[in-house]
Peer 1: 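Here it is, the structure in full.
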Amino acid sequence: MSDKKETSPALKRSWFQGLKQEFKKITWPGKKQLARETTVVLVVAIIVGSVITVVDWLLGLGLDFLW
């Protein structure tokens, strides 16, 4: 006996119809909100990258001092 589940075409169609209904519920951001959120993401990424760079540099100096 096979462990595979058989799916009927009607079941697949019903699943896609449900998915389509869920996509209709999505509220997409406007241009202003999208631009603002993109700016926030970029600024945070730059800040986090800078902090990681500084910590890495300080740890490198500390290890060079110990060796």
Side-chain angles (χ1 to χ4, degrees):
M1 295 210 165
S2 175
D3 290 337
K4 293 181 182 178
K5 261 187 166 179
E6 291 188 30
T7 56
S8 67
L11 186 60
K12 287 182 183 179
R13 188 175 307 121
S14 172
W15 184 81
F16 279 111
Q17 287 174 347
L19 184 65
K20 188 176 177 182
Q21 290 299 320
E22 289 299 318
F23 266 98
K24 287 181 180 180
K25 295 178 185 178
I26 296 173
T27 56
W28 299 101
K31 286 184 181 182
K32 285 184 178 182
Q33 183 181 3
L34 183 63
R36 186 173 49 245
E37 291 176 2
T38 301
T39 303
V40 169
V41 168
L42 291 175
V43 168
V44 169
I46 290 169
I47 290 170
V48 169
S50 300
V51 168
I52 290 172
T53 301
V54 169
V55 169
D56 180 52
W57 179 71
L58 290 173
L59 287 173
L61 284 177
L63 289 175
D64 285 343
F65 180 73
L66 293 175
W67 295 105

Peer 1: Hey, any chance Ile26 and Phe16 share a hydrophobic cluster, counting ILVMFWY side chains that come within less than 4.5 Å of each other, even indirectly?
Peer 2: yes
Peer 1: Listed by chain and number, what are the salt bridge (charged side-chain N to carboxylate O under 4.0 Å, His left out) partners of Lys24, not counting sequence neighbours?
Peer 2: none
Peer 1: Please determine whether residues Trp28 and Leu19 belong to a single hydrophobic cluster, defined as Ile, Leu, Val, Met, Phe, Trp and Tyr linked transitively by side-chain heavy-atom distances below 4.5 Å.
Peer 2: yes
Peer 1: Nearest 0.5 Å please: distance from the CD1 atom of Ile52 over to the CG atom of Leu59.
Peer 2: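 Interatomic distance, Ile52 CD1 to Leu59 CG, rounded to 0.5 Å: 12.0 Å.
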Peer 1: Is there a side chain to side chain donor-acceptor pair (under 3.5 Å) between Glu37 and Gln33 once you walk through the steps?
Peer 2: CA-CA 6 Å; Glu37 291 176 2; Gln33 183 181 3; 2.9 Å; yes
Peer 1: Walk me through it: do Trp57 and Thr53 pass the test side-chain contact (heavy atoms from CB on, under 4.5 Å)?
Peer 2: CA-CA 6 Å; Trp57 179 71; Thr53 301; 5.5 Å; no
